[in-house]
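Let me begin by presenting the structure, written as structure tokens, before commenting on it.
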Amino acid sequence: MLAVIAENGVAGTSFRRIATQADVPLGSMTYHFSGMQELLETGFERFVSQSLARLEDRLEPARDHRDAGKIILAIIHEDATADPPRHLALSRELQALVIRDPALRNIANEWVEGSARILKRYFDPITAVILEILMDGLTLRRGVAPMKGEPLAADPVASVIDGSWRPSHEVRRKR
């Protein structure tokens, strides 16, 4: 199911395509799912669950926030440069779907909140939220508009991880 959504987008996904890819009778699809809404909900719930489990598993060996930061950069790079870009495609399809169908917002919220919850094991709450946003944005930027020789934004991510992105007292007074 997720492979079909990643390859064809939500608009190009149908019971028939999923049944063909899964090599099951079309009737079994309509038996198990009341409609496309339920099928998409199920698919994206699975995607979010897999994504959170993957983040948790990948971060498990990290001994501290610096190790976690290196792992985060590796995840961004893998997701942005994968061929085919399955994770990037699915995340964008979910986001677009939620914009059009707020009833599915709980799935996207679970992903955002779950990611932040996992990151808070290694970072303070504000840094965890900022890193969650950076992971999403950098993956998109790197995946859709890669520039030759462009670094993977390691410096900004490192600045967030070590806290040096925060304005100093002098910078605040100058405003």
Side-chain angles (χ1 to χ4, degrees), residues 2 5-6 10 40-175:
L2 291 174
I5 296 170
V10 169
L40 291 171
E41 268 185 58
T42 301
F44 282 119
E45 285 170 350
R46 180 175 298 148
F47 170 67
V48 166
S49 176
Q50 290 171 353
S51 295
L52 292 174
R54 175 177 169 245
L55 179 61
E56 197 161 23
D57 290 348
R58 292 289 301 275
L59 284 171
E60 186 183 352
R63 295 181 313 269
D64 58 26
H65 67 285
R66 285 182 177 76
D67 285 350
K70 291 174 188 172
I71 293 167
I72 288 168
L73 283 171
I75 292 169
I76 293 168
H77 179 74
E78 289 166 14
D79 289 348
T81 60
D83 185 23
R86 183 178 190 267
H87 192 273
L88 180 60
L90 287 168
S91 65
R92 295 311 172 239
E93 287 294 328
L94 173 58
Q95 290 169 346
L97 185 62
V98 166
I99 289 168
R100 292 182 191 94
D101 187 355
L104 299 176
R105 193 161 282 149
N106 62 320
I107 297 170
N109 285 339
E110 175 54 35
W111 191 12
V112 169
E113 292 167 6
S115 295
R117 193 170 44 252
I118 293 165
L119 293 170
K120 285 177 188 175
R121 296 177 192 158
Y122 305 91
F123 306 99
D124 66 85
I126 292 172
T127 301
V129 170
I130 291 169
L131 284 171
E132 189 280 323
I133 294 166
L134 271 175
M135 289 175 71
D136 187 54
L138 290 172
T139 301
L140 176 63
R141 179 172 179 224
R142 183 67 179 221
V144 299
M147 298 169 65
K148 291 185 178 175
E150 178 191 16
L152 185 60
D155 291 340
V157 172
S159 294
V160 168
I161 290 167
D162 70 20
S164 63
W165 64 272
R166 293 182 174 103
S168 69
H169 295 292
E170 288 180 29
V171 173
R172 285 188 211 155
R173 275 187 258 153
K174 289 181 183 180
R175 289 185 185 172

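This structure is a prediction, so every number in the text was calculated from the model and none was measured.
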Exactly one candidate in Glu56, Arg46, His87 meets side chain to side chain donor-acceptor pair (under 3.5 Å) with Ser51; the answer is His87

Tell me the closest heavy-atom pair linking [X] and [Y], and the distance in Å.
{"X": "Gly114", "Y": "Leu52", "value": "C-CD2, 3.5 Å"}
{"X": "Phe44", "Y": "Leu90", "value": "CE2-O, 3.5 Å"}
{"X": "Leu2", "Y": "Arg86", "value": "CB-NH2, 3.0 Å"}
{"X": "Ser115", "Y": "Glu132", "value": "CB-CG, 3.6 Å"}
{"X": "Ala6", "Y": "Ala89", "value": "O-CB, 3.7 Å"}
{"X": "Phe123", "Y": "Gly69", "value": "CZ-N, 4.1 Å"}

Checklist line | Working for side chain to side chain contact (heavy atoms under 4.5 Å, CB included), residues Leu131 and Leu134 | finding: CA-CA 5 Å; Leu131 284 171; Leu134 271 175; 4.3 Å; yes

Here the side-chain hydrogen bond (donor to acceptor under 3.5 Å, both in side chains) pairs for residues 93-110, sequence neighbours left out, are Gln37-Asp101, Arg92-Gln95, Gln95-Asp136, Glu110-Arg117

Approximate separation, where rounding is to 0.5 Å, of [X] [atom1] and [Y] [atom2]:
{"X": "Ile75", "Y": "Arg54", "atom1": "CD1", "atom2": "CZ", "answer": "5.5 Å"}
{"X": "Ile76", "Y": "Leu88", "atom1": "CD1", "atom2": "CG", "answer": "12.0 Å"}
{"X": "Ile71", "Y": "Asp57", "atom1": "CD1", "atom2": "CG", "answer": "11.0 Å"}
{"X": "Ile118", "Y": "Glu60", "atom1": "CD1", "atom2": "CD", "answer": "11.5 Å"}
{"X": "Asp67", "Y": "Ile72", "atom1": "CG", "atom2": "CD1", "answer": "11.0 Å"}
{"X": "Ile130", "Y": "Met135", "atom1": "CD1", "atom2": "CE", "answer": "14.0 Å"}

- prompt: Is there a side chain to side chain contact (heavy atoms under 4.5 Å, CB included) between Phe47 and Ile5 once you walk through the steps?
  reply: CA-CA 11 Å; Phe47 170 67; Ile5 296 170; over 6 Å; no

> Ser49 side chain to Glu45 main-chain N or O, any donor-acceptor pair under 3.5 Å?
Replying inline: no

**Prompt:** Can Leu119 and Leu59 be said to form a side chain to side chain contact (heavy atoms under 4.5 Å, CB included), step by step?
**Reply:** CA-CA 9 Å; Leu119 293 170; Leu59 284 171; 3.8 Å; yes

Does a sphere of radius 6.0 Å around CD in Gln50 hold more than 12 heavy atoms from other residues, nucleotides or ligands, not counting ones at 6.0 Å or beyond? yes

